[in-house]
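A short write-up of the structure that comes next.
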Protein chains: 2
Amino acid sequence: MAVTSTAEQGRTFIDEGDPADHFFNITSGTARLFKSLPDGRRQITGFAGRGHFLGLAVSNSYAFSAEAIEPVQYCRFSRAKLRMMLDDFPALEKRLLDVASNELVAAQEQMLLLGRKTARERVASFLLARRLESAACVSPAVHVHLPMTRSDIADYLGLTIETVSRTLTGLKADKLIGIPHPSEIIILNHQGLTAQAGGH
Amino acid sequence: MAVTSTAEQGRTFIDEGDPADHFFNITSGTARLFKSLPDGRRQITGFAGRGHFLGLAVSNSYAFSAEAIEPVQYCRFSRAKLRMMLDDFPALEKRLLDVASNELVAAQEQMLLLGRKTARERVASFLLARRLESAACVSPAVHVHLPMTRSDIADYLGLTIETVSRTLTGLKADKLIGIPHPSEIIILNHQGLTAQAGGH
DNA sequence: GAACGCATTTGACGCAAATCAATCAGGCAA
DNA sequence: TTGCCTGATTGATTTGCGTCAAATGCGTTC
């Protein structure tokens with residue numbers, strides 16, 4: 001009923017359009033969630049980490065795909081099982097509603113970013129959001145780890161790889177961030193970066 | 001506790017950032033839901049019609065504003081009242097979870113549109129989505145009514161008024177749609193329009 | 001029906017980001 | 001160490017859409 005599995009790096013464990021008969025809970029690692037157009041264009045709708053629930057869809061097919069960026073461990077239930085659990089533990093339903101509400105708020109914020117922000121604002125917003133997420137981990141936390149590639153960041157922010165790279169270089173030139181390694185960013189001027197993020 | 005009110009056209013009845021102490025259910029009319037940046041840029045995250053729930057946020061302030069496009073009638077509860085109702089009627093919680101899940105799917109589709117589709121694909125997608133929504137009403141339903149202004153459409157699709165107008169004119173020139181009136185669109189070639197929408 | 005105001009359309013031009021094209025840097029196997 | 005492969009950066013050029021500006025159409029009031 002509830003199976004624990006691992007998806008190695010790069011493995012797609014949810015396919016957009018497939019019958020949605022399972023519900024997932026990620027226990028470790030990071031996955032990218034995305035939708036694709038027939039010609040290959042891709043929009044990453046979010047990154048899912050530890051504790052994230054996937055597969056809430058009401059419809060009978062998944063609305064997005066999920067792929068492991070780092071090795072991902074997850075717990076998988078059949079939807080029938082989920083329904084039983086929801087009946088047995090009403091508190092779980094409350095929890096899922098909270099989760100969905102929060103994701104909705106995040107999605108609306110992302111729509112603002114995709115529809116109305118400039119490239120620089122998008123990248124700055126992204127770094128600040130990443131910092132918040134990982135705040136629980138390292139103490140200084142001006143240190144932001146990016147487990148995903150430039151291609152992932154571009155597809156998340158509605159930009160191209162080149163623009164993401166150029167924008168990061170630009171922020172570095174303005175002494176707002178440091179880039180010791182492509183996947184490690186240091187926020188040197190938090191206030192300045194916030195000002196570049198569209199001041200929201 | 002539960003108050004029925006009316007917001008005349010143009011009236012803002014939810015303000016982004018205000019304390020979120022109420023929960024709304026629209027009983028008639030249409031509202032635009034949007035987020036704004038300090039400099040005035042605006043992203044409409046959706047249009048809410050009859051039956052739509054608003055104010056699900058977990059946080060203590062509204063994540064978006066709501067403004068009446070047409071006169072809007074709504075029912076308003078305090079969040080305390082909502083909590084009581086949720087305790088009394090577990091089915092309501094299920095319903096809200098379904099609603100939130102559906103909105104999440106729609107939000108992801110909109111992210112794909114905003115992040116990766118061209119102007120023409122956005123407008124075509126928008127018209128087709130509008131047609132689906134109003135499908136329940138008129139029978140032929142090739143007739144799409146747009147209660148919102150070009151400015152609203154632009155802010156929903158992440159474009160400018162001018163681009164929306166030019167794109168509609170272009171679709172008309174290609175005999176895919178007819179525009180008897182700015183707020184009335186006729187879909188002349190459904191299949192052709194679908195092909196222009198990014199084939200999704 | 002004349003005159004005003006607002007939304008929409010149309011036109012000319014500019015620019016931010018995309019595209020096309022090398023080049024560079026780091027990890028890994030031989 | 002050398003060479004290769006993959007991902008990131010940097011550079012040159014193009015372009016789709018935004019900006020600025022003017023014209024058109026339509027509903028409303030006088």
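Within every chain, numbering begins at 1; the chains are lettered A, B, ... in the order of the sequence lines, protein sequences first and strands thereafter. The figures here come from the full heavy-atom set of this structure, side chains too, leaving out hydrogens, waters and symmetry mates.
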- Task: Taking all heavy atoms of Gln108(B) and all of Ala63(A), pick out the closest pair and write down the distance.
- Result: OE1-CB, 4.0 Å
- Those residues at least two apart in sequence (or on a different chain) that pass ring pair (Phe, Tyr, Trp, His ring centres under 6.0 Å) with Tyr62(B) are none
- Query: Should Arg150(B) be listed as having a side-chain N or O under 4.0 Å from OP1 or OP2 of dT9(C)?
  - Reply: yes
- Determine: side-chain N/O of Thr163(A) to OP1/OP2 of dA18(C), distance under 4.0 Å, yes or no. yes
- Enumerate the residue pairs fulfilling ring pair (Phe, Tyr, Trp, His ring centres under 6.0 Å) with a member in residues 98-123 of chain A, sequence neighbours excluded, ordered by first and then second residue. none
Nucleotide N/O to protein N/O under 3.5 Å, stretch nucleotides 22-25 of chain C:
none

- Query: Between Lys35(A) and Leu112(B), what is the shortest heavy-atom contact and its length?
  - Reply: O-CD1, 4.0 Å
- Heavy-atom closest pair, residues Pro38(B) and Gly198(A): CD-O, 3.4 Å
- Can you list, by residue number, the residues of residues 172-184 of chain A that have a non-hydrogen atom closer than 4.0 angstrom to DNA chain C? none
- Do Glu67(B) and Thr12(B) have a side chain donor and acceptor closer than 3.5 Å? yes
- Among residues 153-162 of chain A, which residues get a heavy atom nearer than 4.0 Å to DNA chain C? Gly158(A), Leu159(A), Thr160(A), Glu162(A)
- Message: Taking the nucleotide of DNA chain C with the nearest heavy atom to each, does Arg116(B) or Thr149(B) sit closer to the 5' end?
- Response: Thr149(B)
- Message: Could you check whether Asp21(B) pairs with Arg76(B) (Lys NZ or Arg NE/NH1/NH2 to Asp/Glu carboxylate O, under 4.0 Å)?
- Response: no
- Query: Does the side chain of Met148(A) come within less than 4.5 Å of Thr30(A)'s, by heavy atoms?
  - Reply: no
- Message: To check you understand the geometry: which heavy-atom pair defines the closest contact between Lys117(A) and Ala197(A), and what is its length?
- Response: NZ-O, 3.1 Å
Run the side-chain donor-acceptor check on residues 181-189 of chain A: report pairs under 3.5 Å with partners two or more places apart or on a different chain.
residue   : atom : partner   : partner atom : Å
Glu184(A) : OE1  : His143(A) : ND1          : 3.4
Glu184(A) : OE2  : His145(A) : ND1          : 2.5
Asn189(A) : OD1  : Gln191(A) : N            : 3.4
Asn189(A) : OD1  : Gly192(A) : N            : 2.7

- Over how many whole Å does the gap from Arg41(A) atom CZ to dT19(C) atom C1' extend? 15 Å
- Message: Please report the end-to-end axis angle for the helix from dG1(C)-dC30(D) to dA30(C)-dT1(D), five pairs per end, rounded to 10 degrees.
- Response: 30°
Ignoring hydrogens and angles, write down the donor-acceptor pairs under 3.5 Å from the side chains of residues 164-172 of chain B, residues two or more places apart or on other chains.
residue   : atom : partner   : partner atom : Å
Thr167(B) : OG1  : Thr163(B) : O            : 2.6
Thr169(B) : OG1  : Ser165(B) : O            : 2.9

- Please name all residues satisfying side chain to side chain contact (heavy atoms under 4.5 Å, CB included) with Arg50(A), sequence neighbours left out, ordered by chain then number. none
- Task: Taking all non-hydrogen atoms of both residues into account, name the closest pair between Arg42(A) and Arg116(B) and its distance.
- Result: O-NE, 3.0 Å
- Message: Please list all pairs meeting ring pair (Phe, Tyr, Trp, His ring centres under 6.0 Å) that have one or both residues in residues 79-128 of chain B, counting only residues at least two apart or in different chains.
- Response: Phe126(B)-Tyr156(B)
- Message: Below 4.0 Å from chain A heavy atoms, what is the first contacting nucleotide of DNA chain D and what is the last?
- Response: dA8(D) to dA12(D)
Under 3.5 Å, which donor-acceptor pairs link side chains of residues 51-58 of chain B to any protein atom two or more places apart or in another chain?
residue  : atom : partner   : partner atom : Å
His52(B) : NE2  : Glu103(B) : OE2          : 3.4

